[in-house]
Number of protein chains: 2
Amino acid sequence: MKNNNKIPPATVKRLPIYLQCLELIDEKTIGISSKKLAELAKVNDAQVRRDLSYLGTLGTRGVGYEISTLRNQLQLELGLVEGWSAVIVGVGNLGSALAHYGGFQERGFGVVGLFDDDPRKINKQIAGLVVKPISEMQNTCEKYNVAIGIIATPGKVAQEIADKLIECNIKSILNFAPVLLKNTADVQIRSVDLSQELQILSYYLDRPVLKAVK
Amino acid sequence: MKNNNKIPPATVKRLPIYLQCLELIDEKTIGISSKKLAELAKVNDAQVRRDLSYLGTLGTRGVGYEISTLRNQLQLELGLVEGWSAVIVGVGNLGSALAHYGGFQERGFGVVGLFDDDPRKINKQIAGLVVKPISEMQNTCEKYNVAIGIIATPGKVAQEIADKLIECNIKSILNFAPVLLKNTADVQIRSVDLSQELQILSYYLDRPVLKAVK
DNA sequence: TGCATTAGTGAAAAATAATAACAAAATTCC
DNA sequence: GGAATTTTGTTATTATTTTTCACTAATGCA
């Protein structure tokens, strides 16, 4: 399939899962079939082939996929190779958790700044970084050419922070505050509302028969 | 529409958003039209009516919806009224963040237990609760009839914890560890992988034209 | 060479979602 | 009181997306 930039959302959601599945495989193994990968990822094997075909022609007919190639392409497609930098705004428990979270660094995201406006938090050291006041954010973002802003503040200041991040020329925002942020044309916003997740889960609590939303 | 238990996933995902929108409204206002709510939630107004119709006949033609009724029904449908209890396993930064997170209590989820097997954490007090060893989990779950287990442990022990939670007769799991948990027939599992979220965001980083996955 | 295997993909089918459009019910205004 | 207006509930339609089937094309191996 032509690599024309148009991977369906449902597929994009599965790419990180495939990547994760590959990590589970014994290092000595060098190849994997769509059938086996499908099994690990708990999807149909035609789905796997279809999904991977969006990334280009990666496999070999009659043989399967070479794991290292697959991993590289997945990482490339997900933009995990270019090493995006991120800043975290709000260093309460959630912000700290995110700062400590190994998964980010591992997958090519470097957290280069922590910001908060609480004087008790400023200058505290967390995960090797010093917490700075939000007024210094612009500076850091320019210096490191930061692409991602992570909002872990209380809801009521989240929009204000988002606006500031946009002013800093950030390209995407990952929002953990429980509010709907205003959409902006050229900034991708992705929200994770922890209690919303719990609410959705809760909906399915008394309905064990139904399939849960993914 | 008959209230026959079958709300489409896309709708279930919007219900918490509607609930959130209602919270933004001035307390004195008692009614709201589908058009206005649509505007707040940033969706089509026909969509709002369609979505709400799954909950029963809540509005009044020519008038609109009574906010308090709407809120009650949304909460009821989402199961936020029955007061589910939850336990959190793993009290690192993320677990602590979740324990402190006001949103849960507010929306009807009571966190009744914190568990960890790190001796340095046991007996620590967090958000008014004392951290206990995982061996005591069964006990707490029975005592409080806990319905939800929240996993905030490192990935490598997550499956083991999930199994233990299932043994404790929990009904749903909200998993924050970056692993795919094995599916079990009568336990709903919902996973939030923070770095997966970031990876999906990252995919859209160089493709600002595309619409991001919801 | 022939058989077994497995990727890539067109096309069909299925599932899901969104929207338009309008009758029915309620209110307001004359 | 009745016409005009508003706004819901719902049917029907359309659109979109996703999944799966089924087959062809490579490849390896005996």
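Every value quoted in this text rests on a predicted model; they were computed, and no experiment measured them. Throughout, a chain's letter reflects where its sequence line sits, starting with A, and its residues are numbered from 1.
- Here the P atom of nucleotide D:dT24 and the CZ atom of A:R61 are 12 Å apart, to the nearest Å.
- Between the side chain of A:R49 and the base of C:dG8, a donor-acceptor pair under 3.5 Å is found.
- For a distance-only test at 3.5 Å, the side chain of A:R50 qualifies as a donor-acceptor partner of the base of C:dG10.
- Each of A:T60 and A:D51 was assigned the nucleotide of DNA chain D with the nearest heavy atom; the assignment lying further toward the 5' end belongs to A:D51.
- An OP1 or OP2 oxygen of C:dA18 is reached within less than 4.0 angstrom by a side-chain nitrogen or oxygen of B:R14.
- The neighbour count for A:K143 NZ, taken as heavy atoms of other residues, nucleotides or ligands under 6.0 Å away, does not exceed 12.
- Using a 4.0 Å heavy-atom cutoff across all strands shown, B:L52 reaches no nucleic acid atom at all.
- Here A:S34 reaches the OP1 or OP2 of C:dA7: one of its side-chain N or O atoms lies under 4.0 Å away.
- Counted by atom type alone, A:T11 and A:D51 present one or more donor-acceptor pairs between their side chains at under 3.5 Å.
- Here A:G59 lies in heavy-atom contact (under 4.0 Å) with sugar-phosphate atoms only.
- If you check C:dT9, C:dA7, D:dT8 against the side chain of A:S53, the one that comes closest is C:dT9.
- Set against D:dT8, D:dT27, C:dA18, the side chain of B:Q47 has C:dA18 as its closest nucleotide.
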